[in-house]
Structures are given as structure tokens and as C-alpha cells.
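Structure record follows, encoded as C-alpha cells.
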Amino acid sequence: MKVGIIGATGYAGGELVRLLMGHPQAEIVWYGSRSYIDKKYYEVFQNMFQIVDSKCLDDNMEELAAQADVIFTATPQGFCASIINEEILSKVKVVDLSADFRIKDVKVYEEWYKITHKSPQFIDEAVYGLCEINREDVKKARLVANPGCYPTCSTLSIYPMVKEGLIHPNTIIIDAKSGTSGAGRGAKVDNLYCEVNENMKAYGVSTHRHTPEIEEQLGYAAGEKVVLNFTPHLAPMNRGILVTAYASLKKEVTYDEVKAVYDKYYGTEKFVRVLDKDVCPQTKWVEGSNYVDVNFKLDFRTNRIIMMGAMDNLVKGAAGQAVQNMNLMFGLEESMGLCQVPMFP
């Protein structure tokens, strides 16, 4: 299976290369990077020295579509929508790691992302690639919208409770932390070592662009419109996401009843691990892997449930999930190339 990557020199693109180098059915034929055209890939990522000798190419999707079976677009918002067309999709499958096709309401997308959508005709067709929830649709897709990192962790942590109608969805509050790689590889003052080290801060308070994506996905599960509070924080670490979400219960439940609900949805899932009672997810235990660790705690005093999740934002939150989607799209074993054991320490 021949693979092309547009945006191969960003953090998500680099992680795609790392994972695909260990995939038994994938051959990368195009390392796309507008910033490093004709530069050898290992000169951008020195960890690839004597592993990848290929040169970086441009972002010519038409030429790439003639060479590849699948294209990953690990690019900023607006790029994929500006270049995708029917001719490309008739030749090759596309997994877009940006937000261009995640949100079904184009007005909501344009309101939150402050750009005009260039290919609204493909929004309805695009499948939201949260594999554990939309697996069967992904298998039939030619265009997959790879979910955002925060929405992946948030949705998987909360989904069973919303789907089973055990919480009031409009009482959901999500507190999330992410490592700095989530902000991308571009040079930004806010991401400098001296700005991030020994520091923790909230950002995008009430305005973060992943909010409508989480609301939309949980809305499908609830069967009604969901409005929630989502506050992300920047943590002084390279990678990882930790979500702690709160919601009011609709009725009295026991630990065993809620555990049975989580096991109903994730008991047979390879990459979602429901932890033992009273064990809280930690980013360290999923680092470098495609796993998501989830758990919950009932607070009978406040009649609330605390739902928790941890994952690696560059793997399950981006590149790993993209490979998982690719595997489904091509009828391969879903976990192929993704069985890395989490790193520790």
C-alpha cells in the first residue's frame, strides 16, 4: 500500500512517518513539506538518519494521487479543503488530520475557525474517524476526518454515559491538559521553553475551536443538542492529554452499574482501556502508544460523576488514529502497525 503524507515535517506528520515505518503493509512514497522542499527528510528529523533517505517534496496533490493509495494531510486548517476535488477522491483515499471535514455544519466551522470553507460539497460525505464509534462507516469511506486530540480523549471518556442516558449532557464540564506538541512545531513565543517550563496555564477559555466538535459528537450520542464548557490547559510536557470531565447524574447508580456501561462499549476494544476501580488515568502510562486509558469516579455527595481519560496527543490524538482509520479503510487488521507498548519512564 503506497502512502503519501502532506505536512510530513510537522509533529503529527513526523509521528505518521515513525508509525508507518513499522507498518508491514505501508510504503511511504511522498514526504510532503512546503517548507523543506528538496531537503532530505532525516535532515529535518535527525532521528530518521539512515532510516529515511528520501527528499521532501511539494504538496502537489494531483501528482501524488496518481502515485499513492492513501494520502494523509497533516496540514493547517483550510488546506485540505482548498485542494480536495472529485478527481483526487476518485483515485485515492484521504485521511485529513485537520478540522476541515470534522464539523457537519459549515456555518459552525466558519464561525469557530474564522475561515471560509472551500469544499463544503464533501462535508456530508466525510466520515468522522473516531474508530471506536464510527468503525463501520470508516470502512466504506474515501474521505475521513481524523478527530482532534482533545475531542478524541474527551468523547471517549464521556461517550458511554451520554449514550446510555445516565447523565444530563448539558451539565458537562471538561477540564483538559495537553503537552506542548499539541500546539504544533511552528515557532511561537508562548511555546518557548522559558514560557512553558515550570508553568501551567489555561488558554482558549470558552473559545477553543475543539468545543463544537466535542458538542457535535456527544450530541449524536445523546440524540439532542449538547452545550458544554471546555477549558484546555497547556502543561509543561512534550506530549500527552489528560481529561477530567464532570456531569450531573440523572439517577442513582452504583459503581458496578457504571462499570458495566463502560465495559459494554469498550470491553472488546483494543485501544481503549477501562482501568480498575479507583485507578486514575495518567499520561505517562499511555505515552508513545495508541491507547486511551479511561475511568470514572462517582461522587454521591454532589450527585455527579467524574469521567477521566489519558492518551498521547500525537498518537491516538493524531497519527495513530489516522493509521487506525487507514487500516479500516483498506480492510486491514485495525491494530496493524499500532501495537507499540507505552513508553516508561
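Note that this is a predicted model, so its numbers are computed, not measured.
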How about [X] and [Y]: do any of their side-chain heavy atoms sit closer than 4.5 Å?
X      : Y      : answer
Met329 : Lys140 : no
Met200 : Lys177 : yes
Ile71  : Lys93  : no
Leu64  : Ile88  : no
Thr171 : Ile173 : no
Lys2   : Trp30  : no

CG (Asp100) and CD1 (Ile123) are apart, to the nearest 0.5 Å, by 8.5 Å

Rounded to the nearest 0.5 Å, the NZ atom of Lys39 sits from the CG atom of Leu57 at a distance of 15.0 Å

[X]-[Y] side chain donor-acceptor pair, cut-off 3.5 Å:
X      : Y      : value
Glu333 : Gln25  : no
Asp96  : Thr73  : yes
Asn325 : Asn146 : yes
Thr254 : Asp256 : no
Gln321 : Asn290 : no
Tyr128 : Glu213 : yes

Write down the atom of [X], the atom of [Y], and the distance for their closest heavy-atom approach.
X      : Y      : value
Leu97  : Ala322 : CD1-CB, 3.9 Å
Phe72  : Val323 : CE2-N, 4.3 Å
Gly204 : Pro232 : O-CD, 4.2 Å
Tyr113 : Ala99  : OH-CB, 3.2 Å
Glu43  : Gln46  : CA-OE1, 4.5 Å
Ile167 : Ala247 : CD1-CB, 3.8 Å

I'd like to know if [X] and [Y] make a salt bridge, using a cut-off of under 4.0 Å between side-chain N and carboxylate O.
X      : Y      : value
Arg135 : Glu334 : yes
Glu136 : Lys139 : yes
Asp38  : Lys40  : no
Asp124 : Lys104 : no
Glu164 : Lys250 : no
Glu215 : Lys225 : no
Asp59  : Arg34  : yes

Open item on the list: How about CD on Glu86, more than 12 heavy atoms from neighbouring residues, nucleotides or ligands closer than 6.0 Å, or not?
Closed with: yes

inquiry  = If you count heavy atoms of other groups shown closer than 6.0 angstrom to CG of Asn238, is the number above 12?
reply    = no

Mind checking side-chain contact (heavy atoms from CB on, under 4.5 Å) for [X] and listing every partner two or more places apart, or none if nothing turns up?
X      : result
Ala202 : Val205, Thr231, His233
Arg185 : Tyr11, Tyr36, Val44, Phe45
Leu89  : Ile84, Val94, Phe122, Arg142, Leu143
Val108 : Ile103, Asp105, Trp112, Pro212

### Task
Compute both the distance and the angle, then confirm whether Lys55 meets the cation-pi test with Tyr41: under 6.0 Å from the six-membered ring centre, within 45 degrees of the axis.
no

- prompt: Checking Arg273 against Tyr291: charged group under 6.0 Å from the ring centre and within 45 degrees of the axis?
  reply: yes

So which residues get pulled into [X]'s cluster when ILVMFWY side chains under 4.5 Å apart are joined, directly or through others?
X      : answer
Leu275 : Val279
Leu192 : Val189
Phe344 : Trp285

Taken in chain and number order and not counting sequence neighbours, the residues that satisfy salt bridge (charged side-chain N to carboxylate O under 4.0 Å, His left out) with Lys297 are Asp278

Taken in chain and number order and not counting sequence neighbours, the residues that satisfy salt bridge (charged side-chain N to carboxylate O under 4.0 Å, His left out) with Lys91 are Glu87

Quiz item: Could you walk me through whether Ser206 and Asn229 pass the side chain to side chain donor-acceptor pair (under 3.5 Å) check?
Solution: CA-CA 7 Å; Ser206 80; Asn229 287 113; over 6 Å; no

Salt bridge (Lys or Arg N to Asp or Glu O under 4.0 Å), that's the test. Do Glu132 and Lys316 meet it? Break it down for me. CA-CA 12 Å; Glu132 289 75 15; Lys316 182 59 173 172; 3.0 Å; yes

Hits for side-chain hydrogen bond (donor to acceptor under 3.5 Å, both in side chains) against Arg239, two or more places apart or cross-chain, chain-then-number order -> Glu15, Asp312

Discussion item. Would Ser289 and Met311 count as a side chain to side chain contact (heavy atoms under 4.5 Å, CB included) here? Give the steps.
Written reply: CA-CA 8 Å; Ser289 79; Met311 71 176 200; over 6 Å; no

Contacts satisfying ring-ring contact (aromatic ring centres under 6.0 Å, His included) that involve residues 151-185 (not counting sequence neighbours) are Tyr159-Tyr265

So the ring-ring contact (aromatic ring centres under 6.0 Å, His included) pairs with at least one residue in residues 84-103 (sequence neighbours excluded) are Phe101-His117

